[in-house]
Structure formats: structure tokens, C-alpha cells
Asks: 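Have a look at this one.
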Amino acid sequence: MKLLMVVKLPLYFFIAICIFISDAAAAPFGVSTMSFEEGYSLLFGDGNLVRSPDDRSVRLLLDQYSGSGFISSDLYWHGFFSAAIQLPSNYTAGIVVAFYASNGDVFEKTHDELDFEFLGNVKGKPWRMQTNVYGNGSTNRGREERYLLPFDPTKETHRYSILWTDETIIFYIDETPIREVRRRIGGDYPMKPMSLYATIWDASNWATSGGKYKVDYRYSPFVSRFSDLVLLGCRSDPIQLPESEQCDDAMAELISSGIDTITSEKRQAMLRFRQKYMTYSVCYDTLRYPEGLPDCDIVLSEKIKFRDNGHLRITNTRRRYRRRSRTPVTGGYRRQIDM
């Protein structure tokens, strides 16, 4: 007869195991996530930024009194920056939710920037997304691409990530790359340390149909949730670039994860996403740039789908899903938001 031994362990042991399993499962690309306090602080909005009790997620609110946002505690010289994001539902015209890297507060005229911008829309229409790449103050020479999303981003979180190395920039949705920009001679490549930001704000003058549809505050507060935060890179002084050995440890984890490598399978997935969901690319906008851009890779199968203004030749108007029914201002009443 075999005897079964029952070992009683403290409750905190099981809690620690559960927390470890939860964090490990949530970690993207095999890298570790962090709490809000470990990497970020309030940018603006005060009471419109609501942190979860465990500090692993944060909600940004926009109401008639204020938007909100947060910023990384440090600047980073290259790295991998990621968050799981859930966007506001219902009528969201005029709203912009952004997750981006920038140094505009340090280098006003020559700043660099890497953006995910989520552009709200009228009820029943899908959210649109835009990625931007600016280097050395090149905002007057746009580097944007726009896409429809293949899922409803208001129902659950999806992961949005930016990889920035000395040679390449890759934008990811979940673990699928959707855009790659390589450093080229004559291009506008970001080359200065940047902070990470997340914001929600009123962009009624341009965000939806060129400003035709404004934010309707009868539907407020508009809530966007950020969780599973990742800041993996080399912390840096804003002016003095670090010596290469200072970044070795930080970049070693990034390289070992394989984030900086696009396999043939992932490249095919990227091409499929772009061919199906991309609606504008600056690389095919020959009206703006007749000579082309040095940081663009022209893909013939993509090019034939776009007009000379960079927009898709035939817009797929089929409804993909059914939606359900930068300036801070302070004060005002807001509803209580449960985390």
C-alpha cells in the first residue's frame, strides 16, 4: 500500500506561484513585464489616470474636462517598447489614443519619434491605426502608414510593440510584424534617446474624416486600458549618448529573445497583413515624393494596389465587425472606473 503524504505550505507560497505563472504567461516575446511604478509616471490628467490595485495596468480617461497620459521615468537609447492596449468602445470620433517614443521635449526642432496612433471613428465603423517614423525633426516630411485593424480592439487587449535598434525599426501587432524601416544613407532615422508615452486626447480638428466628426462627450468618459508594460532598452542621458558597453546587458536580453529577427514565416505574415489591411503608405505617395524616399523598400505586389497619392486603389467597404452600443486640462466630475 502506498502512502500519500500531504505537505502543508503557507498560503503566500501559492499566491506567489500564481503571480509568477500569471506574469510569465503575459510576458510577450519571452521578455519580462513591469509594474507602472517601475517604469512610468503621470504626464497629465491627474484623476483621469487610474492605476489598478496591483499596479500592473492603468486606464487613461478622456472626458469633457481633460485627457490623460503617462511617460517613462527614463529616456532610452534603442530598445523594445510594448503594451497590451484596449481601446474605447462606442462612438469614438475625434479621439486619438497614442503609444509612442519621442524626445520632442528635449530636442524641440530636431526631435525623433516613433508612433502608434489609434484614430477613433463614428459608431459602427472600425478603428483605424497609423504608424509614424520621424528622425531629426522630419515631421514636415511625413513617414506615415495607415491600416484597418483585423479585429475589434475595444473588446479585448492586443499587444502593440516598437523595436528600435541601430539598424532597424519594426512595429508589431501581437507578435506579427506589420512595418519595417531600415537605416539608410540619406534617410531620417531616429538617432537620439527617447522617452515612452501613452496618451488619450481630443483631436476633433483632424482625427476623423479630416475633422468632419468631433468628439461627442455624451459618450464620455472614453477609457483606454494599458497593461503588460515592457521597457527593454538602454537607459540614457538625453544629451550624452552611452558608451556601447553600457548597453550590452540591456541589448543582450533583446537579442536573445529574437525580437530583432524577422523569420521567413514572420515576413510572409507581415506581407499578408499589409496587403490586406494597409490603406495608405508614404512609400507609394509619388505626389508628395516624386523621387521616392531612401528609407522605403518598394514591394511590387503592394505598389500595384496603391494610387499615386499613396492611398488604396479599391477600398474594401465590407464591415469587418459590429461595434457595440495633447493639452491637459484639470478639474471636473467623472464616473468611477472599476479596474
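Residue numbers start at 1 and run along the sequence shown.
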Asks: Once you measure the plane-to-plane angle for Trp206 and Trp201, does it fall in the parallel (<30°), tilted (30-60°) or perpendicular (>60°) bin?
Replies: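 Because their plane-to-plane angle lies in the 30° to 60° range, the rings of Trp206 and Trp201 count as tilted.
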Asks: Using atom types as modelled and distance alone, determine if a side-chain donor or acceptor of Asp63 lies under 3.5 Å from a backbone N or O of Ser66.
Replies: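 Pair found, side chain donor or acceptor close to backbone of Ser66.
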Asks: Looking just at side-chain N and O atoms, do Thr154 and Gln86 make a donor-acceptor pair shorter than 3.5 Å?
Replies: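 Gln86 and Thr154 do not have a side-chain donor-acceptor pair below 3.5 Å.
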Asks: Quick one: does any side-chain atom of Asn103 pair with a main-chain N or O of Pro193 as donor and acceptor, under 3.5 Å?
Replies: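 Checked: pair present.
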Asks: With no hydrogens and no angle check, is any side-chain donor or acceptor of Ser82 less than 3.5 Å from a backbone partner on Val230?
Replies: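 No: the side chain of Ser82 does not pair with the backbone of Val230.
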Asks: So, the side chain of Thr165 versus the backbone of Thr168: is there a donor-acceptor pair under 3.5 Å, distance only?
Replies: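 Side chain of Thr165 to backbone of Thr168: a pair is present.
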Asks: Is the Phe118 ring parallel, tilted or perpendicular to the Tyr160 ring (thresholds 30°, 60°)?
Replies: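 Phe118 and Tyr160: perpendicular rings.
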Asks: Heavy atoms, side chains only, cut-off 4.5 Å: are Ile259 and Leu163 in contact?
Replies: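 Yes, side chains in contact.
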Asks: Taking the inter-plane angle between the rings of Phe80 and Tyr172 on a 0 to 90° scale, is it parallel (under 30°), tilted (30 to 60°) or perpendicular (over 60°)?
Replies: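 Perpendicular.
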Asks: Can you check whether Gly211's main-chain N or O pairs, donor with acceptor, with Ser209's side chain at less than 3.5 Å?
Replies: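 Not confirmed, Ser209 side chain does not pair with Gly211 backbone.
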Asks: For Ile185, I'd like to know if atom CD1 has over 12 heavy atoms of other residues, nucleotides or ligands within 6.0 Å.
Replies: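 Atom CD1 in Ile185 is not crowded, with 12 or fewer foreign heavy atoms closer than 6.0 Å.
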Asks: Between Arg51 and Glu37 (salt bridge meaning N to carboxylate O under 4.0 Å), is one present in this structure?
Replies: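 A salt bridge links Arg51 with Glu37.
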Asks: Just by distance, no angles: are the side chains of Ser204 and Asp202 close enough, under 3.5 Å, to form a donor-acceptor pair?
Replies: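 The criterion, which ignores hydrogens and geometry beyond distance, is satisfied for Asp202 and Ser204.
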Asks: Below 30° counts as parallel, above 60° as perpendicular, anything between as tilted: where do the rings of Phe36 and Tyr40 land?
Replies: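 Plane angle under 30°, so parallel.
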Asks: Is there side-chain contact between Leu148 and Met278, with at least one heavy-atom pair below 4.5 Å?
Replies: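 Side chain of Leu148 against side chain of Met278, heavy atoms only: no contact under 4.5 Å found.
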Asks: Flag the pair Trp164 / Phe81 as yes when at least one side-chain heavy-atom distance between them is below 4.5 Å, and no otherwise.
Replies: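 Trp164 vs Phe81: side chains touch.
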Asks: Going by an N to O cut-off under 4.0 Å, is there a salt bridge joining Glu302 and Lys276?
Replies: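 The answer is no: the pair does not qualify as a salt bridge.
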Asks: Checking Tyr147 now: which residues fulfil side chain to side chain donor-acceptor pair (under 3.5 Å) with it, not counting sequence neighbours?
Replies: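 Scan of Tyr147 (side chain to side chain donor-acceptor pair (under 3.5 Å), adjacent residues dropped) gives Thr131, Glu145.
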Asks: Does the side chain of Pro153 come within less than 4.5 Å of Ile85's, by heavy atoms?
Replies: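 No, their side chains stay 4.5 Å or more apart.
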Asks: Contact between Arg59 and Leu49 at the side-chain level, heavy atoms closer than 4.5 Å - yes or no?
Replies: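 No. Closest side-chain heavy atoms not under 4.5 Å.
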Asks: Hey, does the side chain of Arg274 reach the backbone of Ile178 with a donor-acceptor pair shorter than 3.5 angstrom?
Replies: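 Judged by distance alone, yes, a pair lies under 3.5 Å.
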Asks: Do Arg184 and Asp297 sit within salt-bridge range, that is, some charged N less than 4.0 Å from a carboxylate O?
Replies: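 Salt bridge present between Arg184 and Asp297.
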Asks: Hey, is the main chain of Lys266 close enough, under 3.5 Å, to the side chain of Thr263 for a donor-acceptor pair?
Replies: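 Checked: pair present.
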Asks: Quick one: do Arg56 and Asp54 make a salt bridge, cutoff under 4.0 Å?
Replies: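 Salt bridge flag = no for Asp54 with Arg56.
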Asks: On the 0 to 90° scale, with breaks at 30° and 60°, tag the Phe151-His158 ring pair as parallel, tilted or perpendicular.
Replies: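 Answer is parallel, since the angle falls under 30°.
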Asks: Taking Lys192 first and then Asp112, would you say they form a salt bridge - that is, a charged N and a carboxylate O separated by under 4.0 Å?
Replies: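 Salt bridge present between Lys192 and Asp112.
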Asks: Do Val133 and Tyr189 have side chains that get closer than 4.5 Å, going by heavy atoms?
Replies: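 No, too far: nothing below the 4.5 Å cut-off.
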Asks: With a 4.5 Å heavy-atom cut-off, do Asp115 and Tyr134 have their side chains touching?
Replies: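 The answer is yes, as the side chains (C-beta and beyond) meet within the 4.5 Å cut-off.
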Asks: Are the side chain of Thr92 and the backbone N or O of Ile95 linked by a donor-acceptor pair below 3.5 Å?
Replies: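 Pair absent, no side-chain N/O of Thr92 close to backbone of Ile95.
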Asks: Is Arg143 salt-bridged to Asp188, cutoff N-O under 4.0 Å?
Replies: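 Here Arg143 pairs with Asp188 in a salt bridge, since their nearest N and O are under 4.0 Å apart.
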